[in-house]
Amino acid sequence: MRLYNTLKRSKEAFTPANDNDVNMYVCGITAYDLCHIGHARSSVVFDVLYRYLKHEGYKVNFIRNFTDIDDKIIKRAAEVGKEASEIAEKFIGEFYVDMDRLNIQRPTVEPKCTEHIPEMIDLTQRLIDKGHAYATPSGDVYFKVRSFDGYGKLSGRNIDELESGARIAPGEEKEDPLDFALWKAAKPGEPFWESPWGQGRPGWHLECSAMSEKYSPLPLDIHGGGQDLSFPHHENEVAQSEAATGKPFANYWVHNGFVQINSEKMSKSLGNFFTIRDILDKFLPETLRYFLLTMHYRSPLDFSFDALEEGEKGVKRIYSALNQIDAELAKDKWKKSPFPEELTKELDDLEKHFAEAMADDLNTAGALGHIFSVIRLAGRVAEDKNLRKAEGGRDLFQRIKADMADWATILGIFERKPAEFLLELRDNRAARAGIDPAKVQELLDARAQARKDKDFEKSDAIRDELAAMQVEVHDTPQGATWDVL
RNA sequence: GGCGACAUAGCCAAGUGGUAAGGCAGAGGUCUGCAAAACCUCCAUUCUCCGGUUCAAAUCCGGAUGUCGCCUCCA
């Protein structure tokens, strides 16, 4: 496959350092609050990359950490009068609830920062020994940025230009404003661990370097995270790891684009902020996951409930088609009539296009487009009396069903039984529209009686009443069903 | 101020040198007691603007305009 590598600023053929083994590290959450839709995007993107690599036959060692000690966690703990560890544990639990609903697969390893303090102390000591770091009298340890030649290569920054903007905050004992903390001395009342430099805790950037090194040989094949992490977080990781080991840290850097609200960055300070829960209170998780995949992972993605509703229509359309294919395949008589070769050829091409889209820097938006084309192909066959009854038609339906099942394992959507999902989606939309399903059923029963009596005036009146409730009625040979308008 | 990304139909959105995927909305049709849903078909001579390179540009280069991000915790 080809992957866009932030380090090179271009797409490159992806080749793991060691045959079929892929070592992938993605920066996880800092556990101090509920996850928002930006976390959802990042999680879904790297989940699809993980699934895709496995699908392509790679053996993937996927590492995603938890930052469970940090300024923000300490602050939150102080606010609510709890231990930092309690806060971290609580939000790690909440994180899993959200991730499971979004059908995010568990990584191979999920290391926690607080369980790797010895490794972090060791890495810090090695950096001091090599002259890349220094301890201050008050017990902080800083990385000496100017001691590392490659600083700035990932984010494309020039060290001297950075200098002008950097400042030493009052009370800091840095030799250079650019230097960043590897180890922070504990302030009174803060959680701490013993170290050669006194009681303290690791700096944020250090965690990822230490845990990468522990769970993967270096260089990592892929290191991922949100775009905003590229500087300074990832730049600092590169500096720490490469200065300590003398080896390249990661071969491919993958950064996902941001979720925006009205073309502006979503952030707590702007107040334009949605948690995953806010959205899943109203929409099905699969709707959100589908929506997140309709745009290329590197593009900024504008979130709105209107856009999400449009995505919902897409999911519905695909599941409806899958449902129809199931219905066709439920038949047991098939004719040996001729079947046009072009249609089979069309599916050949579409299968190829899907594979190419995914291989081209994980182009899920393009891949989804090809799925719609496959769906339309199925629709064309189902529409034609001769084609849908032919053995060739059956074979095509079966192949499409198998393709969709295969693709579903990569995308993590369309894995449900169509009929079941469609009902669930209807009820979800009904709940959103404030429709009472019991009341609908009551009216539907009354209408069925009226139709049986050939009292079409009455049955139409009931249908109008339902329409006023935003309920649409579908008459089928098996009776009436309903959906939300 | 420094670094970077983006600009494609009414809207959303793929497409990085070979003559514009897909979705939503819209129009027509099949079906139906009438409908609706579903399904089928149609829907950008053109890719923000101006120059340039090339047999060939939405794609490459230069410039303009606009939008956004990073440089401070942030997915």
Side-chain angles (χ1 to χ4, degrees), chain A residues 6 9-11 26-30 32-33 35-46 70-72 75 152 155-158 160-167 169 204 224-233 235 255-260 262-269 290-291 294-296 298-302 304 306-307 309-318 320-321 323-324 350 353 357 360 363-373 375-376 378-384 451 454 456-457 459-460 463-464 466-467 471-477 480-483 485:
Chain A
T6 307
R9 310 206 169 274
S10 64
K11 283 189 211 172
V26 175
C27 294
I29 58 159
T30 297
Y32 76 108
D33 206 346
C35 286
H36 53 68
I37 183 176
H39 294 109
R41 185 180 197 192
S42 181
S43 308
V44 167
V45 164
F46 289 105
D70 175 84
D71 289 345
K72 290 193 293 280
K75 183 167 172 258
S155 54
R157 278 157 222 261
N158 177 306
D160 294 313
E161 279 154 4
L162 282 169
E163 184 85 60
S164 62
R167 274 209 229 136
W204 177 47
Q227 211 152 57
D228 56 329
L229 257 28
S230 68
F231 188 88
H233 184 54
E235 193 69 63
H255 290 104
N256 66 276
F258 263 62
V259 175
Q260 308 183 326
N262 294 324
S263 299
E264 283 196 331
K265 181 174 172 171
M266 182 176 81
S267 74
K268 286 187 179 172
S269 50
Y290 170 88
F291 172 74
T294 56
M295 273 143 265
H296 188 92
R298 279 189 286 117
S299 309
L301 178 158
D302 230 31
S304 68
D306 283 347
E309 246 175 89
E310 208 183 277
E312 183 178 69
K313 288 177 187 167
V315 177
K316 188 180 167 191
R317 170 135 184 237
I318 291 169
S320 299
N323 198 215
Q324 191 182 2
L350 256 8
H353 291 155
D360 182 15
N363 186 354
T364 55
L368 250 13
H370 299 307
I371 285 184
F372 276 102
S373 299
I375 287 318
R376 272 222 314 276
R380 255 183 290 150
V381 174
E383 191 202 24
D384 187 299
R451 291 186 79 218
K454 301 261 187 244
F456 292 121
E457 208 168 303
S459 83
D460 285 356
R463 189 170 64 197
D464 289 345
L466 284 161
V471 171
E472 65 189 12
V473 179
H474 315 154
D475 288 322
T476 73
T481 64
W482 65 280
D483 202 348
L485 210 53

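Letters go in sequence order (proteins before strands), and every chain restarts at 1. Since the structure is predicted, the reported quantities are computational estimates derived from the model, not experimental observations.
- You'll find that the side chain of A/E264 is closest to B/G69, out of B/G69, B/G33, B/A14.
- Nucleic acid contact class of A/S320 (heavy atoms, under 4.0 Å, all strands): none.
- In the set B/A35, B/G69, B/G29, the nucleotide with an atom closest to the side chain of A/E383 is B/G29.
- For B/A36 and B/U30, the C1' atoms lie 14 Å apart once the distance is rounded to whole Å.
- Both A/A382 and A/K72 sit near RNA chain B, but only A/A382 has its closest nucleotide nearer the 5' end.
- Applying the 5.5 angstrom centroid cut-off and the 30 degree plane-angle cut-off, the aromatic ring of A/F372 is not stacked upon the base of B/G23.
- Side-chain nitrogen and oxygen atoms of A/R376 include at least one within less than 4.0 Å of the OP1 or OP2 phosphate oxygen of B/U41.
- In this structure, A/H39 contributes its side chain and A/H36 its backbone to a donor-acceptor pair below 3.5 Å.
- One atom, CG of A/N262, and another, C1' of B/G69, lie 16 Å apart when rounded to the nearest Å.
- Between A/R9 atom CZ and B/U16 atom P the separation is 19 Å, expressed in whole Å.
- Side-chain nitrogen and oxygen atoms of A/R380 include at least one within less than 4.0 Å of the OP1 or OP2 phosphate oxygen of B/U41.
- Partner assigned to B/C31 is none, using Watson-Crick or G-U wobble distances below 3.5 angstrom.
- The side chain of A/K11 sits closest to B/U16 out of B/G33, B/A14, B/U16.
- Of the side-chain N and O atoms in A/R317, none sit less than 4.0 angstrom from OP1 or OP2 of B/G22.
- Distance from the side chain of A/E472 is smallest for B/A37 among the nucleotides B/A37, B/U16, B/A21.
- You'll find that the side chain of A/R463 is closest to B/G33, out of B/G2, B/A14, B/G33.
- Summarising the base pairing, B/C6 is matched to B/G66 through a Watson-Crick or G-U wobble pair whose two defining distances lie under 3.5 Å.
- Mapping A/G379 and A/T476 onto RNA chain B by nearest heavy atom places A/T476 at the nucleotide closer to the 5' end.
- When distances run from any side-chain atom of A/R451 to the nucleotides B/A14, B/C24, B/G33, the shortest one goes to B/G33.
- Taking atom NE2 of residue A/H296 and atom C1' of nucleotide B/C12, one finds them 17 Å apart after rounding to whole Å.
- Base pairing of B/U45 is not made with any nucleotide, judged by Watson-Crick or G-U wobble geometry with both donor-acceptor distances under 3.5 Å.
- Remark: P of B/G23 and CG of A/L368 are 11 Å apart, rounded to the nearest angstrom.
- Geometrically, A/R41 does not engage A/F258 in a cation-pi contact, judged by NZ or CZ lying under 6.0 Å from the ring centre and within 45° of the ring axis.
- A donor-acceptor contact shorter than 3.5 Å links the side chain of A/N363 to the backbone of A/G366.
- At B/G2, none of the side-chain N or O atoms of A/N158 fall inside 4.0 Å of OP1 or OP2 (strictly under the cut-off).
- Not one N or O on the side chain of A/S299 forms a donor-acceptor pair closer than 3.5 Å with the backbone of A/M295.
- Contact annotation: A/S230 does not reach the phosphate of B/G69 (side-chain N/O to OP1 or OP2, under 4.0 Å).
- No side-chain donor-acceptor contact under 3.5 Å links A/N262 to the backbone of A/E264.
- For the pair A/E310 CD and B/G26 P, the interatomic distance rounds to 12 Å; values are reported in whole Å.
- Among B/C70, B/A75, B/G22, the nucleotide with an atom closest to any side-chain atom of A/S373 is B/G22.
- Using C1' as the reference atom, B/G29 and B/U46 are 29 Å apart when rounded to the nearest Å.
- Atom P of nucleotide B/C11 and atom CG of A/D302 are separated by 14 Å, given to the nearest angstrom.
- Contact annotation: A/K313 reaches the phosphate of B/A25 (side-chain N/O to OP1 or OP2, under 4.0 Å).
- Interatomic distance, A/E310 CD to A/S304 OG, rounded to the nearest 0.5 Å: 9.0 Å.
- Here the C1' atom of nucleotide B/A5 and the CG atom of A/D228 are 14 Å apart, to the nearest Å.
- Base-pair partner of B/C60: B/G52 (Watson-Crick or G-U wobble, both distances under 3.5 Å).
- Of the possible polar contacts, one joining the A/E235 side chain to the A/S155 backbone as a donor-acceptor pair under 3.5 Å is found.
- Residue A/H39 places at least one side-chain N or O closer than 4.0 Å to OP1 or OP2 of B/A75.
- Atom CZ of A/F231 and atom P of B/U72 are 6 Å apart (whole Å).
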